[in-house]
Each structure stands twice: as structure tokens, then as C-alpha cells.
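A quick write-up on the structure given underneath.
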Amino acid sequence: TGLSSKPLNSLIILQIISTMETQVSNGPSGTSLPNGPVISSNGATDDSKTNLIVNYLPQNMTQEEFKSLFGSIGEIESCKLVRDKITGQSLGYGFVNYVDPNDADKAINTLNGLKLQTKTIKVSYARPSSASIRDANLYVSGLPKTMSQKDMEQLFSQYGRIITSRILVDQVTAGISRGVGFIRFDKRNEAEEAIKGLNGQKPLGAAEPITVKFANNPSQKTGQALLTQLYQTAARRYTGPLHHQTQRFRLDNLLNASYGVKRFSPITIDSMTSLAGVNLTGPTGAGWCIFVYNLSPEADESVLWQLFGPFGAVTNVKVIRDFTTNKCKGFGFVTMTNYDEAAMAIASLNGYRLGDRVLQVSFKTSKQHKA
DNA sequence: TCATATT
């Protein structure tokens, strides 16, 4: 046919295939087989009960950490952290498709709202992928400062189903509206109708008209913005470690954000640093292994993610359980990628009161039981 | 005059 020698034609073929896949996955809902995937009459699998979208992931979370976190719930059929095609940067969201619909449900119940670093992740069922749900995100400006998120949703809901909405607030004055926000509709045509109906209009009782337009798409940045981003990430890589005082400040902010509690650990970072090298197992493969003692019998992996996630990159967590009762034996392990973040977590969480227990947290040593 | 929601 001559197609094989022309890259452009290959691209077209790929697009055709991808269109076919889209059509197939949007086929009629099918029948559920016992303990198996839902198969529709045309042979395609229906992922609506197993496939999740995860939003507001920390920027530095890797595919491996992502899989590790959601794999702690149950067997994963597939998962993907979505990255920018050009820069490779995480776009802050991903997909997890479980084998068992019950695990998808469990993941929503236990991981939705989990605080990781500065983010609160959102876990929900993914809508079937289709072109009609893309580019349905609107940027709204000129909103009255008194307008709440609920008010804004009420205004826009006449044009379609709203998936998310947000009003940006001033960081320093703690929560005063900046008069700008976002509305994501289920369908792009709903967003288009909302622009036609509301752009340049004055909301009831408002003094000024609002501006409604499509939001900037993060995956199609300008060349200048791309260069800026590349430069900034490169600069961060080559910047030395933050001063300890600064780290302590960041640490308190993270803790306050995550737990709403301020606490001070008697252990300083410097004393932790002096610990390094004498008694540690050291960075084994993936990172630094941390020993966590005095967990309750009911403790599970999500507790460890919640405790350590705010401090930085966590690649793995494990609760050690009794073989017969399946209850936690009182301890577990956490692996963190970066030494500084691990030391910070230990300095803050050692002596941390979790329920009626006081945790003991340290780097894992080669002979732990010898106290 | 914009945080990161459809692989």
C-alpha cells in the first residue's frame, strides 16, 4: 500500500485506531461475570466500576509511588500517572483500574481526601473517556467578592452538569475571594453554552459583568512558559539543601496543614544527621527504610501513608501482621526516597501520639530487637 | 489574566 514508508500515514492510522478504541469503550453497558470484569456484548470491557481518576496528586509523586499507594488497597489491573508529553512533568492526576470493583470502592472510601504533602487528593470513578468531555474547563473572572462557590455553581448549573468548581482565594488574608475561579462541565458543549449565556453578563445583584472563557490548557503551554518551567525544575535540582531553620518552618506548616495540630519534637535535625552512618541500614535500593513501632492492632497501610506522606516522597509502606489473626503486630516499615525528608519525618513523628499510643519512629537498623 | 480532571 505504500503506507509503511510514510510516518504521517502511520500517525493517521494511530488516530483511527484510537478513535475505534474510544467508540468501543463507550459501547452499551454489559453483563457482570462472577468475580471477573464486566464484558459487554461487543467484547469490550466496561471499566466504570473499577476505573478511578485521582486528582490533586503532589507534583513530585512518581508512577511507582502512585502504584504503591493504590496497590495497598487491592490488585491493580493497570494504573497511570499522567505526565506532560514534552516536559515529562506530572500533570497532577492519574488513573487506577482495579481488577475487583470492591477494591475501587474501597480506594474511594479510604484514600479520597488523603493529605499528601500540600495536597488533598481526590479519588473518584473516572467517566468513560471521550472527546466530548475534553476542554470543558472554564476560567471565570470579575466575580463579586461575596459570591461563594455554591453561588457560582448555581449560576452555571443551568448550562449543564458541573464536575468541579473552585474560587481562588487570597493566601495571606486567609480565604477572601480573588474574584476569579474555574468551572469544569461534564461536556464541552455545555461549557460553550455557558460562555454564550454568561460572558459579559452581570450576575443578579452584581455591579460588574463577569468574564467567562475557556481556561488555559496546561498541556499546551507557550514555548516561553515551557522554558521557564524547565529552567525552574533544573534550578531546584542544583540548589543545595534548605537551611535547617527553613526546613523546620516548612515542617511545622506541613504538620499544621495535615493534622491541625502544632507539636515540637525534642529531637533536632542535627542530632538526626549525626545518627546517619553509625547504625543505619542505609539507603537500600529505593530509599531509606524507617521503623515504626507501637501501631495499634487495627492499623493499616493507609495510616502510614497519612503519617509519612506529608514529609515527602514515600515509595512503600508495610504493616506487619500476625499470620493467623491478620492484626497488626504493633509495627511497620516506611520507605522514603530522600534522606532529608526521612529525617524530618522521624524527627517529627517519633513521640507522636496516635490515638492512645505514642509512636517510636527511627531509621531501621540491622539489629532492631536489641534496643 | 489561571489551579492543574480523561489515559
Side-chain angles (χ1 to χ4, degrees), chain A residues 14-15 17-26 44-48 50-61 63 66-67 70 76-98 108 112 116-143 149 152 160-171 175 177-188 190-191 195 199-200 208-222 224-226 228-229 232-233:
Chain A
L14 281 175
Q15 283 176 341
I17 292 171
S18 107
T19 306
M20 290 168 66
E21 285 173 348
T22 300
Q23 288 167 346
V24 164
S25 66
N26 283 333
T45 59
D46 173 10
D47 291 340
S48 65
T50 57
N51 194 29
L52 304 179
I53 184 164
V54 184
N55 294 295
Y56 310 107
L57 291 167
Q59 178 61 235
N60 62 9
M61 187 175 220
Q63 164 80 27
F66 183 58
K67 183 172 186 181
F70 285 85
I76 290 174
E77 195 274 327
S78 62
C79 76
K80 181 176 191 176
L81 177 69
V82 179
R83 295 180 174 282
D84 185 283
K85 283 198 245 324
I86 300 159
T87 66
Q89 297 279 301
S90 166
L91 291 181
Y93 67 94
F95 296 89
V96 181
N97 194 13
Y98 284 100
I108 291 174
N112 183 42
L116 290 177
Q117 296 170 244
T118 60
K119 307 284 188 185
T120 301
I121 71 171
K122 180 176 176 183
V123 185
S124 56
Y125 289 110
R127 291 171 287 160
S129 180
S130 85
S132 65
I133 67 173
R134 290 177 50 183
D135 304 318
N137 195 23
L138 298 180
Y139 175 71
V140 188
S141 57
L143 292 166
Q149 184 185 359
M152 185 175 68
R161 178 185 165 208
I162 294 167
I163 300 302
T164 53
S165 72
R166 168 168 299 182
I167 288 180
L168 301 187
V169 294
D170 191 293
Q171 293 294 316
S177 168
R178 290 167 53 193
V180 302
F182 294 89
I183 294 266
R184 178 178 297 276
F185 279 99
D186 183 34
K187 296 290 193 300
R188 179 169 58 249
E190 295 170 343
I195 292 175
N199 183 40
E208 301 297 325
I210 60 173
T211 301
V212 184
K213 58 206 283 193
F214 282 108
N216 294 340
N217 195 324
S219 59
Q220 52 195 54
K221 283 184 183 157
T222 67
Q224 183 61 257
L226 274 175
T228 306
Q229 187 180 348
Q232 283 173 346
T233 53

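Every chain is numbered from 1, with letters handed out A, B, ... down the list of sequences.
Counting to the nearest Å, the C1' atom of B:dA3 and the CD1 atom of A:Ile183 are 14 Å from each other. In this structure, the CG atom of A:Asn112 is 13 Å from the P atom of B:dA5, given to the nearest Å. Atom CD of A:Gln149 is separated from atom C1' of B:dA3 by 13 Å (rounded to the nearest Å). Note: CG (A:Leu52) to P (B:dT7) measures 16 Å, nearest angstrom. Atom CG of A:Asp170 and atom C1' of B:dC2 are 15 Å apart (whole Å). For the pair A:Asn55 CG and B:dT7 C1', the computed distance is 13 Å after rounding to whole Å. In this entry the distance linking OH of A:Tyr125 with P of B:dT7 reads 21 Å, nearest Å. Between the CG atom of A:Leu91 and the P atom of B:dC2 there is a distance of 19 Å, given to the nearest Å.
Base contact: A:Thr164 has a heavy atom under 4.0 Å from a base atom. If you check every strand for non-hydrogen atoms under 4.0 Å, A:Tyr93 touches sugar and phosphate atoms only. A:Lys85 comes within 4.0 angstrom of nothing in the nucleic acid, heavy atoms only. At the heavy-atom level, A:Arg83 lies nowhere under 4.0 Å from the strands shown. When heavy atoms are screened at a 4.0 angstrom cut-off, A:Arg127 is found touching base atoms of the nucleic acid.
Annotation: A:Phe214 is not in aromatic contact with A:Tyr139 [ring centroid separation under 6.0 Å not met].
Of all non-hydrogen atoms in A:Thr164 and A:Tyr56, the two that sit nearest each other are CG2-OH, 4.4 Å.
Close to B:dC2, at under 4.0 Å from its OP1 or OP2, lies no side-chain N or O of A:Asn216. OP1 and OP2 of B:dT4 both lie 4.0 Å or more from every side-chain N or O belonging to A:Tyr56. The phosphate of B:dT4 has OP1 or OP2 within less than 4.0 Å of a side-chain N or O from A:Lys119. The shortest distance between the side-chain N/O atoms of A:Ser129 and the OP1/OP2 oxygens of B:dT7 is below 4.0 Å.
The backbone N or O of A:Ala131 sits less than 3.5 Å from a side-chain atom of A:Arg188, completing a donor-acceptor pair. Looking only at distances, a side-chain donor or acceptor of A:Gln63 sits under 3.5 Å from a matching main-chain atom of A:Leu81.
Relative to the side chain of A:Lys213, the nucleotides B:dT7, B:dA5, B:dC2 differ in distance, and B:dC2 lies closest. Distances were taken from every side-chain heavy atom of A:Arg178 (C-beta onward) to each of B:dT7, B:dT4, B:dC2; the shortest belongs to B:dC2. Closest contact between the side chain of A:Tyr139 and the listed nucleotides B:dT6, B:dA3, B:dT1 involves B:dT1. Nearest nucleotide to the side chain of A:Leu168, out of B:dT4, B:dC2, B:dT6: B:dC2. Distance from the side chain of A:Ala215 is smallest for B:dC2 among the nucleotides B:dA5, B:dC2, B:dT7. For A:Phe182, whose side chain is taken as the heavy atoms from C-beta onward, the closest listed nucleotide among B:dC2, B:dT6, B:dA5 is B:dC2. Nearest nucleotide to the side chain of A:Arg166, out of B:dC2, B:dT4, B:dT7: B:dT4.
Qualifying ring-ring contact (aromatic ring centres under 6.0 Å, His included) partners for A:Tyr98, counting only residues two or more places apart in sequence or in other chains: none. A:Thr120 is linked by a side-chain hydrogen bond (donor to acceptor under 3.5 Å, both in side chains) to nothing, counting only residues two or more places apart in sequence or in another chain.
When the nearest nucleotides of DNA chain B are assigned to A:Arg134 and A:Leu138 by heavy-atom distance, the more 5′-ward of the two goes with A:Leu138.
The base of B:dT4 lies outside donor-acceptor range of the side chain of A:Asn137, with no N or O pair under 3.5 Å.
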